[in-house]
Amino acid sequence: MSDTGYGDFEFERRFFVRTPPMELLSEPDPVLIVQSYFLAQDGYALRLRVQASGLRLPLGPDADPLDVLDEVGDRFEFCAVTLKGPMNVGTRYEAEREIDVVVGTEMIRRGGHRIVKNRYSVWLGADGWVVDVFGGPNAPLVVAECERAGPVTDLQIPAFCESEVTDDARFANDGLARVPYREWAGDYEAELRERGPRFLTDFGRNDLQRRG
């Protein structure tokens with residue numbers, strides 16, 4: 001439960017990244033994350049996540065979450081179950097509880113729609129950012145995200161963020177678990193060519209503008 005007055009809500013903005021800066025991915029070591037969605041429909045999600053810090057494991061298009069669990073499962077040190085509600089212009093209900101790592105790992109082995117990714121953390125200006133580099137059928141997708149304790153306004157967007165995808169459900173992790181990036185990457189690239197990059201201009205409204 002947050003003490004900011006907003007309760008169980010998260011505030012974030014997400015961006016499509018084509019080429020992340022190499023220095024961002026060089027150090028420190030990322031957090032390896034395997035997630036499984038036991039429910040992901042209409043913006044509602046029930047998720048299990050296990051993660052391991054300080055573990056640099058390359059993730060290519062053939063990376064399989066279950067194989068990752070088999071290879072480095074004893075390195076995971078955190079697990080949580082999370083309930084999420086639909087995204088509404090960067091605001092989403094989220095309630096999380098930490099659970100036993102062994103129990104969570106075994107549940108992930110047994111069901112749900114899984115994803116695997118490396119998460120890099122970086123401090124840019126006044127904000128902390130995470131950059132997720134996906135493996136498996138979501139490779140080579142890279143998504144950058146800024147999360148705050150309140151609405152994310154007046155954000156200084158890094159140059160490596162090509163287009164905002166905050167309200168694009170395809171880029172949500174629960175969306176990627178059900179319909180991986182490789183299945184619609186070509187469509188998205190065609191959209192970018194046709195309309196150009198877009199960014200929220202007045203956060204709290206759904207209008208977007210091109211960044212020239």
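- Not one N or O on the side chain of Ser36 forms a donor-acceptor pair closer than 3.5 Å with the backbone of Met107.
- Note: Glu106 CD to Cys79 SG = 11.0 Å, rounded to the nearest 0.5 Å.
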Q. Salt bridge (Lys or Arg N to Asp or Glu O under 4.0 Å) between Arg109 and Asp70: does it pass, once the steps are laid out?
A. CA-CA 10 Å; Arg109 292 183 191 276; Asp70 290 340; 2.6 Å; yes
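- Between the side chain of Asp64 and the backbone N or O of Leu66, at least one donor-acceptor pair lies under 3.5 Å.
- Applying the ring pair (Phe, Tyr, Trp, His ring centres under 6.0 Å) test to every pair with at least one member in residues 161-190, sequence neighbours left out, gives these pairs: Phe16-Tyr188, Phe171-Trp184, Phe171-Tyr188, Tyr181-Trp184.
- Looking at Asp174, its side chain never comes within 3.5 Å of a backbone N or O of Tyr37 through a donor-acceptor pair.
- Side chains of Thr82 and Glu94: no donor on one and acceptor on the other come within 3.5 Å.
- Side-chain contact check for Arg198 and Ser163: no donor-acceptor pair (N or O, by modelled atom type) lies under 3.5 Å.
- In this structure, Cys161 SG and Glu145 CD are separated by 11.0 Å, a value rounded to the nearest 0.5 Å.
- In this structure, Asn138 contributes its side chain and Leu141 its backbone to no donor-acceptor pair below 3.5 Å.
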Q: I would like to know whether Arg92 and Glu12 meet salt bridge (Lys or Arg N to Asp or Glu O under 4.0 Å); could you show each step before the answer?
A: CA-CA 8 Å; Arg92 193 176 191 186; Glu12 65 184 30; 5.8 Å; no
**Q.** Intermediate values then yes/no, salt bridge (Lys or Arg N to Asp or Glu O under 4.0 Å), Glu183 and Arg170
**A.** CA-CA 11 Å; Glu183 296 186 17; Arg170 294 175 297 182; over 6 Å; no
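- Salt bridge annotation for Asp167-Arg14: absent, with no cationic side-chain nitrogen under 4.0 angstrom from a carboxylate oxygen.
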